[in-house]
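Worksheet: one structure, shown below.
Since this is a predicted model, take the numbers as computed values, not measurements. Residue indices begin at 1 and follow the sequence shown. Computation of the quantities below employed the complete heavy-atom set of this structure, encompassing side-chain atoms and omitting hydrogens, waters and symmetry-equivalent molecules.
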Amino acid sequence: MSAQGAERRVSNNFKKLEAQLRSAAGKAIADFGMIAEGDRVMVCLSGGKDSYTLLDVLLSLRRNAPVRFDLIAVNLDQKQPGFPAHVLPDYLTRLGVPFHIIEQDTYAVVKRVIPEGKTMCGLCSRLRRGALYRYAAENRITKLALGHHRDDLIETLFLNMFFGGRLKAMPPKLLSEDRRHIVIRPLAYVAEGDILRYAAARDFPIIPCTLCGSQTHLQRAAIKTMLQEWEREHPGRLESIFSSLQNVAPSQLADPALFDFAGLEALRALTAIPDPS
């Protein structure tokens, strides 16, 4: 194959992948009513492959969307040592996207509170969420868009089961605990592998989440490894697991707060089919 032919093939493959991501994100947005007319959508940009892809896809969808909405990219500079503070502003300026950088030294807080060698991600995440929520409240943001994908939702399901004793995942659309913010995850139907391929093709200026000393043996990493092994041995298993999140049968579980097991006798008396004999 000639160099020109190879280049054309790569271009065609990228266009197919881009269309696939657009379609999956568009379906998720429609299925869960994520974006409405006049929304101000804040894309929470971390510098990782997922949030870069999210911004790209939303920019693309907005061009032909049936509703008008604004996008603003927001990054939280947590003052981690070695953080390349110029990367995101340079990238977003070239892209022509409105953006804001929140500067807050959450790194110092986490280092002071969490003992050496312990996982910092939990506290770091809470502090980051608080800073983003404050900015959203102060700037008339109606939706906060996060870059979590299908695999993140599945991993969270198993994390909560294995380590928290709860049957709970990440919803594609969420009302915050204080009921002031709507969080959306437009990439909820997108597989991580597709994002990896897209990010590589787009050559995003990735900022790794290792600056704070994140450990590779975190619980999520262990769950990810387990799921990847399952998928290799049984292709399609992750898709099946994700499908189960959309097909829940409360009466077949064991949560009396979710289903009225105590009232089954009364239900039987009201609806039992008469014995034909």
Q: Please assess R22 against S60 for the test side chain to side chain donor-acceptor pair (under 3.5 Å), listing each intermediate value before the final yes or no.
A: CA-CA 8 Å; R22 278 174 48 97; S60 179; 2.4 Å; yes
Q.
Run the side-chain contact (heavy atoms from CB on, under 4.5 Å) test on L59 and L95 for me, step by step, so that the C-alpha distance in whole Å, both residues' side-chain angles and the decisive distance to 0.1 Å come before the verdict.
A. CA-CA 10 Å; L59 286 169; L95 204 60; 3.9 Å; yes
(Q) Before you tell me yes or no, could you show the steps for R180 and Y133 under side-chain contact (heavy atoms from CB on, under 4.5 Å), namely the whole-Å CA-CA distance, both residues' side-chain angles and the distance that decides it to 0.1 Å? (A) CA-CA 9 Å; R180 297 178 64 195; Y133 280 176; over 6 Å; no
Q: Would you sort out whether I182 and K173 count as a side-chain contact (heavy atoms from CB on, under 4.5 Å), showing the intermediate values?
A: CA-CA 7 Å; I182 296 287; K173 186 178 182 181; 3.8 Å; yes
Q: Apply side chain to side chain donor-acceptor pair (under 3.5 Å) to R220 and T156, showing your working.
A: CA-CA 8 Å; R220 182 173 288 274; T156 303; 3.0 Å; yes
Q: Report the C-alpha separation of Y198 and Y52 in whole Å, then their side-chain angles, then the decisive distance to 0.1 Å, and conclude whether the ring pair (Phe, Tyr, Trp, His ring centres under 6.0 Å) test is met.
A: CA-CA 10 Å; Y198 184 83; Y52 276 126; over 10 Å; no
Q.
Between K143 and F69, is the side-chain contact (heavy atoms from CB on, under 4.5 Å) condition met? List the steps.
A. CA-CA 10 Å; K143 303 286 173 59; F69 61 94; over 6 Å; no
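Hydrophobic clustering (side-chain heavy atoms under 4.5 Å, transitive across Ile, Leu, Val, Met, Phe, Trp, Tyr) groups I101 together with I207. In the hydrophobic clustering of this structure, W230 groups with M161; members are Ile, Leu, Val, Met, Phe, Trp, Tyr whose side-chain heavy atoms approach within less than 4.5 Å, directly or through other members. Two different hydrophobic clusters hold L196 and L238 under the rule that ILVMFWY side chains link at heavy-atom gaps under 4.5 Å. Cluster membership check: L270 does not share its hydrophobic cluster with F261, using side-chain heavy-atom separations under 4.5 Å among Ile, Leu, Val, Met, Phe, Trp and Tyr.
T225 places a side-chain N or O within donor-acceptor distance of the main-chain N or O of A221, the cut-off being under 3.5 Å. Of the possible polar contacts, none joining the S23 side chain to the A19 backbone as a donor-acceptor pair under 3.5 Å is found. One N or O on the side chain of D39 and one on the backbone of A36 form a donor-acceptor pair closer than 3.5 Å. A donor-acceptor pair is defined here as one N or O able to donate and one able to accept, closer than 3.5 Å; such a pair exists between the side chain of N160 and the backbone of K168. Checked by atom type and distance alone, the side chain of D152 pairs as donor or acceptor with a backbone atom of H149 at under 3.5 Å. Judged by distance alone, with hydrogens and angles left aside, the side-chain atoms of T142 form a donor-acceptor pair with the main-chain N or O of R40 at under 3.5 Å.
Test V74, L55, T93 against F99 for side chain to side chain contact (heavy atoms under 4.5 Å, CB included) and you get one pass: T93.
With values rounded to the nearest 0.5 angstrom, R128 atom CZ is found 9.5 Å from C44 atom SG. Residue D255 holds its CG atom at 12.0 Å from CZ of R166, rounded to the nearest 0.5 Å. How far CZ of R150 is from CD1 of I241: 9.0 Å, rounded to the nearest 0.5 Å. Considering CG of L71 and CG of L58, their distance stands at 5.5 Å, rounded to 0.5 Å. If you take CG on L21 and OH on Y189, they are separated by 15.0 Å, rounding to the nearest 0.5 Å. Once rounded to the nearest 0.5 Å, the distance linking CG of L245 with CE of M170 reads 12.0 Å.
Side-chain contact between I184 and L174: absent, with no pair of heavy atoms (C-beta onward) separated by less than 4.5 Å. The shortest side-chain heavy-atom distance between V87 and F204 does not fall under the 4.5 Å cut-off. At least one side-chain heavy atom of V190 sits less than 4.5 Å from a side-chain heavy atom of I195. Put simply, the side chain of V43 reaches to within 4.5 Å of the side chain of L54, judged on heavy atoms. Under the 4.5 Å side-chain criterion, counting only non-hydrogen atoms from C-beta, L253 is not in contact with F259. Contact of the L227 side chain with the D151 side chain is not registered, since no non-hydrogen atoms from C-beta on lie closer than 4.5 Å. The shortest side-chain heavy-atom distance between M42 and L132 falls under the 4.5 Å cut-off. At a threshold of 4.5 Å between non-hydrogen side-chain atoms, the residues V183 and L175 do not count as touching.
Shown here for K49 and T53, the closest heavy-atom pair between the two residues is O-OG1, 2.8 Å. Closest heavy-atom contact between P171 and R185: O-NH1, 2.7 Å. What you find for I206 and G48 is that their closest heavy atoms are CD1-C, 3.9 Å. Taking each heavy atom of G26 and L61 in turn, the nearest pair found is N-CD1, 4.0 Å. The minimum heavy-atom distance linking A201 with F14 is given by the pair CB-CD1, 3.5 Å. Considering every non-hydrogen atom in both D77 and A85, the closest pair reads OD2-CB, 4.1 Å.
Sequence neighbours left out, the pairs with a member in residues 61-70 that pass side-chain hydrogen bond (donor to acceptor under 3.5 Å, both in side chains) are E37-R68.
Ion pairing between E231 and R237 fails under the 4.0 Å rule for side-chain N and carboxylate O.
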